[in-house]
Structures are given as structure tokens and as C-alpha cells.
There are 2 protein chains.
Amino acid sequence: MVTLAEVARHAGVSASTVSYVLSGKRSISDKTRKRVRRSIRELGYHPNAGARALASSRSSIIALMVPLRSDMYVPVMMEIAITVSTTAREFGHDVLLLTDVEGPTAVRRVAGSGLADAVILMDVELDDERIPLLKEVGRPAALIGLPADASGLTCIDLDFTATGALCADHLADLGHREIAVVGEAASVYQRHTGFAERTLEGLRRRSDERGIKVIHRPCEGTYESTAGTLTRIFGERPGTTALVVQNEAAVGPLLSLLWQTGRAVPEDVSVVAICPEQVALQSSPQLTSVSIPAQEMGKRAVELVMAKIDGETPQELTLLEPHLTQRASSGPVLGTR
Amino acid sequence: MVTLAEVARHAGVSASTVSYVLSGKRSISDKTRKRVRRSIRELGYHPNAGARALASSRSSIIALMVPLRSDMYVPVMMEIAITVSTTAREFGHDVLLLTDVEGPTAVRRVAGSGLADAVILMDVELDDERIPLLKEVGRPAALIGLPADASGLTCIDLDFTATGALCADHLADLGHREIAVVGEAASVYQRHTGFAERTLEGLRRRSDERGIKVIHRPCEGTYESTAGTLTRIFGERPGTTALVVQNEAAVGPLLSLLWQTGRAVPEDVSVVAICPEQVALQSSPQLTSVSIPAQEMGKRAVELVMAKIDGETPQELTLLEPHLTQRASSGPVLGTR
DNA sequence: CTGAAAGCGCTAACAT
DNA sequence: ATGTTAGCGCTTTCAG
């Protein structure tokens, strides 16, 4: 294994010079830098990560804790994870993939051992048990999702309240007066993940303001449960002219079922989805949607922890503004009904 | 930060004793062990990862390189990643999430720097450019997927050739004589990922043996492309009574389209899928399928690299035997046609 | 069964 | 602009 000392000898300089060429933390003459770089290349030198971490007490690793739960839409998690990884690389960091099988104490382990310089938590719950541990270890951290009490934490999430309102506005503008929400699985609401409730709250409030009636039904996302949900909705509210779907798994079944039951989209029923762009685009018809900005969240989360590592104090709460893209699935209420 | 030395002082023993209590690499009297454990607990000691890595030249980290390509089914990648992570923990290791944005040299970086003790490559291509680097760095490694030349490598994959044959047998047993394969996107075949070709090869050979006619059409997996693929299939081969689908994205559209065009499954058309169990189960009707054993592959990959870290020499090639589960989507060819 | 001590390879003062 | 050097916290011989 090639060491820094060997590079130094080969280049005819001291160890610190090599170190500084690498880190750029002090000025080096062009000539020296070139010589050192050359030696590094010729010897095939790679700085030892452990030694570096020990000497600098920085591991250049960010821990990313992903949930194991299966009721979250997996591709979004993966997209976030990948964006976190690539963004971290832009900051010279790597990403450690943590699951919660170990329980919340994984946070303590990786932070306490200095394995990770910072922690990013995904799929944060309203009352997340990892949060106390996060505060205990005192490492820079960012949460993707919003806990009940975000004070002293750095959080990033889509503004789901505004998202709900945006959907209500869009449908109100199109003349809809009775709408229904096909929501997440009941377990998601029970778990108090927050985002689902916030969406509903924003949607209900805006709907009230605009004189729209709303009903909400959770949905497991299987074919059968979606069928049941639709039957209930149209049974209880035959005047329903629009659906807001916040459940990726239900989108496919929903559209099939509407087709099968002879309801044309958007002529008979408008559909607005809150989902990743990809889901909206590959549906038929393509869906009017508010997209989940997975990449943006992952990127910002990394930027936030990097800022904290550098001693900055970023704002506690970052709520990303939702954007609604109108596509083929929503339209005005037709005159005769 | 609590150090080992502080623990030693607190417990009234030497540093090495504390170290050995932790590693169990030499026998310690019960009394001493208890005292040390107590001090560790009371002081809240966590061994420093960097120091450990430096002194032992083992980082206890496995690098997992995931592809960025979007034509692979994401939930499977995630399932593998999570299984790798949890299995690695059982061996006292953590997992570093690497993407290929950095290019293949990421392998060199993490292995060369001692950041990772071993590397696991996902979604290996027939002629994967990461492989030469892997050999260069000489770290333990395992590949999920099969390159063209697997000599000197440790690979694990589903036996796709056998999978293809299994599908052919199942349909032959049910009396089918003309079958069609709805395959992966053309890009997957062009990229020579191997698994798609192997499936086809196994299916064709067995079909020949059993006197079945096969046609194969790639499919992008969108609604439109799936519709086009089906139209072509039934246009060219009106006598087709069964479909083998190897494309997760196409499964949903395919079933909807069959329904819409008045072809009952399985009465008019049998469908056999090669897909993750979850996809088969949440379809309607539930699909007869050969499942992709994501967890098994992840777990075995970790076990293989751990064995190599311990100096063992596991077999080069592990092909997991496919299992076909009959569900509601396949049945005998009906008499009158 | 336990202790002493020599590094592991690098960073970051402290010098000059 | 560069060199010297004292650690960083742990593992692991070598002694006893």
C-alpha cells in the first residue's frame, strides 16, 4: 500500500506538503504541486480513509437512514437515496445506507463512533423516536419529512398543506363542487406520518373557502381495495366529479377501474394525483399532478447538513412550494349531468 | 469524546484489555470483563471507527454500487440494497451506497482508500467496465448478475436460462402451442445485460424441445408501447394462447389491455410473469410467476464477500434455482378455438 | 490472564 | 512556501 510518506519521499518534499497539495489548505508553488501530483499518479497513491478520519476527526461520510416500511412508495425512496448519494459526492462525501432494523440506536452507533459526520433521516414521523437520539449525539442532521416538534431541527419537505390547497383550487377553478380524496393506506394515517394529514387539512380548508364538498377515504392501494374505495365514494356521493389521489399504488387500479365502470377521464371524472412525476407521465391518460420533488429534497437535505458541518446555521424549516402540472386527466365539469 | 484509554483508566485496566474485551480475541476473566463492560456503559463509550480502521486496516464497510439506469425495476434494486444492508449488519459491517455517476473509478476510490473492505456490484452487464477495476484493486467482491466472462469472479444471479425453460414447461404442460414473450425494453437487450437474453434462450430451447412456437417482442413498458406490442403479437400470431412477460412496468398495462380488448385471463390467454413476487400478487388476477429472489441475492452476495474477507474461496458462480408459482393467470388451453 | 508500547497513515499546529 | 513533529484512538505484537 502506498502511503503519503512514500509519495513525499518520491517527490522530494515533506509529508505535510503532500497533505496540503491534497487538501489545498495552504498555498503551494506550482512547481511543487506538479511534482507531488506526478508522484501521486506514478505511485498510484490513494489516501487512507481511516487515517484521514482519525487525524481530522471527519469521516467524509453521511449516514442516510431509510425506512423499511413497505407502505411508502419505493421508487421515491430510491430516488432520494440516489440523489443524496450523488449530491454528497459533489461535497466530497460518501453515503452510508442505514436501515431501521437495528432500531433508532443505529443513529447513536454511527454518529457516536464518528463513522458518519452527519445524518439524514428519511420518512420522518410526527413523533419519531430517532429524534431524541439525534439531539443526544449532537451531529449535524437533516430530516426529510416533518415531525410534530421541529424546533431545533433542520427539516425539509414538500409543503403538503399548500399542495392540498393547490389541488382544491385547480378543481374549483374547473367548476368542480364535489370532490373525493383517495388517500394513503389507513396505516399511514395511523402512524401519523404527517404529510397525509397536512395534505388533507390544506385541501379541506381551501375547499371550504371555495364552497366545495370533500370526502376522504383511505385506500390500501390494491386492486380490490381501490375498487371498494371507488364504490363507496360514488355510492355515498354520486355527484362527485373529481378525485384527488394521494397513493401511488392506487393510481393504476384507479384508472383501470374508472375505465371499466364506464367513467371517462376527464369528461366524467377529473383526476388529480399527488405523486412522482414518473407515475403521472406513464399513466393513461397522463395525470394532472403535483409532483413529489424527490431529487430536490435529497439535494437540499445534503446541502443543509453540509452547511451545518461547516458551522453554519441554516433555517430550521424548508417547505418546498408545490407545483401543479395540468395534463390530460382534469377538465371542466361538463354542463349536463 | 470518550476514548478507550479513558475506559481503561476508569476500569483500572490497560488499554489492550479493553480492546480485547471488545474484540473477544483473547480470553478475559469474567471479573475484568464485567468491570470493563460497566465502565464502557457508564462512560457511554463508542469505539472510534477511523482509529479502528487505521489500526486494523479493516473498515467494516462494504461498498454497494447501484446503477442509475431507469430501465431497471427500482423496487427490486431497493430490496436488494436493503437486504445487503441488513445482512451486512449481521456481520458487523455497514454499507456504503455508491452510484455510477462517478463512473467505474468509484470502485478504485473506495477500495483503494481502504474505505471499503469489499465491493458488491449490482446490475452487472455482460461486458462491465467495472470488472477490470475490481480485479485491479484486488478486494473481495461479489457481482449480482452475470458478466460474459465470470472467471476469477464471484457471481450470483437467478438462473434465468432455467427460468425461461420453466415457463416453457409450465405452458407446454397446460397444452399451449403458441406463446409470445413480452420482453424488456429494447435498450436492455442492446446493453447486453445478459439476463434477458438468457431467459429467452432457455425458453426457446425448451420450447423447441416441446414443440412450441415462440415469438419475442421487446416492450418499453408504457401503456402505448404495451398496446403496440400486443397488437403486433396477436396480429402476427392470432393463435397465441399464452404470454410470458419479463418486464415489470408492462405488467399493469398488459392486464388492463387484455381486459379492454376482451381477452379473458386465463380463459383466452394465459399469462406467466417473471417479476418480483409483489408485482405478481398485487395484479388482478394474481399472476402465475417466477419471482426474482431479490432478498436471496442480496443476502448471498454479502455472505460471499464476507467469506472472502475471511480468506475463504467460495465458488465462482451461484445460480439460484427458479421457482414457478401457479396463480390465477394461467390455465389449460380451452378446447374450442 | 493482563500490561506495555510500537505503530497504523494522516492532519494540523508550530516552526522557519 | 515548505519542513518538523506531535498526536488522533485503536490493534496487536511482545513480555510477563
Side-chain angles (χ1 to χ4, degrees), chain A residues 1-40 43-61 92 109-117 309 311, chain B residues 1-37 39-40 43-61 92 109-117 309:
Chain A
M1 191 205 182
V2 187
T3 71
L4 181 144
E6 298 178 73
V7 174
R9 200 175 322 127
H10 180 106
V13 299
S14 74
S16 60
T17 298
V18 177
S19 176
Y20 285 119
V21 165
L22 254 23
S23 69
K25 286 187 181 171
R26 78 179 184 193
S27 45
I28 303 279
S29 74
D30 244 42
K31 215 179 59 189
T32 306
R33 194 193 347 268
K34 283 217 179 75
R35 205 139 36 89
V36 171
R37 288 246 167 83
R38 189 151 176 279
S39 299
I40 288 178
L43 300 180
Y45 168 71
H46 287 277
N48 180 281
R52 208 166 229 195
L54 177 58
S56 66
S57 41
R58 296 163 89 292
S59 66
S60 294
I61 288 178
R109 183 175 64 79
V110 298
S113 67
L115 217 196
D117 293 338
I309 286 177
Chain B
M1 191 204 181
V2 187
T3 70
L4 181 146
E6 299 178 72
V7 173
R9 200 176 321 126
H10 185 243
V13 298
S14 74
S16 59
T17 297
V18 177
S19 177
Y20 284 120
V21 165
L22 253 24
S23 68
K25 286 187 182 172
R26 78 179 183 193
S27 45
I28 303 279
S29 74
D30 244 43
K31 215 179 61 189
T32 306
R33 196 198 339 274
K34 285 217 175 76
R35 203 137 39 88
V36 171
R37 289 245 166 84
S39 299
I40 289 177
L43 299 180
Y45 168 71
H46 287 276
N48 180 280
R52 211 167 225 195
L54 177 56
S56 65
S57 43
R58 296 162 91 292
S59 66
S60 294
I61 288 177
R109 184 175 62 80
V110 299
S113 67
L115 217 197
D117 293 336
I309 286 178

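Letters A, B, ... are given to chains in the order of the sequence lines, protein chains preceding strands, and every chain is numbered from 1.
Using modelled atom types, no side-chain atom of B:R58 and backbone atom of B:A53 make a donor-acceptor pair closer than 3.5 Å.
Closest contact between the side chain of B:K25 and the listed nucleotides C:dG7, C:dA4, D:dT12 involves D:dT12. Of the candidate nucleotides C:dG7, C:dG9, C:dA12, C:dA12 has the atom nearest to the side chain of A:Y20. Distance from the side chain of B:S56 is smallest to D:dT12 among D:dT2, C:dA12, D:dT12. The A:T17 side chain lies nearest to D:dG3 when the options are D:dC10, C:dC10, D:dG3. Distance from the side chain of B:R26 is smallest to D:dC14 among C:dG9, D:dC14, D:dT11. Candidate nucleotides D:dG3, C:dA12, D:dC10 were compared by shortest atom distance to the side chain of B:R52, and D:dC10 ranks first. Of the candidates D:dG3, D:dT2, D:dG9, D:dG3 carries the atom nearest the A:V13 side chain, counting heavy atoms from C-beta on. Nearest to the side chain of B:P47, among D:dT2, C:dC1, D:dC10, sits D:dC10.
In this structure, B:R33 and B:A55 both approach DNA chain C, and ranking their closest nucleotides by distance from the 5' end singles out B:R33.
Remark: A:S14 is not in phosphate contact with D:dT4, judged by side-chain N or O atoms under 4.0 Å from OP1 or OP2.
Contacts of A:V18 with the nucleic acid, taken as non-hydrogen atoms under 4.0 Å apart, are absent. B:S19 comes within 4.0 angstrom of a nucleotide base, judged by non-hydrogen atoms across all strands. Among the heavy atoms of the strands lying under 4.0 Å from A:T32 are primed sugar atoms or P, OP1, OP2 only; no base atom is included. Backbone-only contact: B:I28 has heavy atoms under 4.0 Å from sugar-phosphate atoms and none from a base.
In this structure, the CG atom of B:L54 is 11 Å from the P atom of C:dT11, given to the nearest Å.
Between B:S39 and B:A11, the closest heavy-atom pair is OG-CB, 3.3 Å.
Between atom CG of residue A:L115 and atom NE2 of residue B:H46 there is a gap of 12.0 Å, rounded to the nearest 0.5 Å. Atom OG of B:S19 and atom CZ of B:R52 lie 7.5 Å apart (nearest 0.5 Å).
Under 3.5 Å, the side chain of B:S16 and the base of C:dA4 form at least one donor-acceptor pair of N or O atoms.
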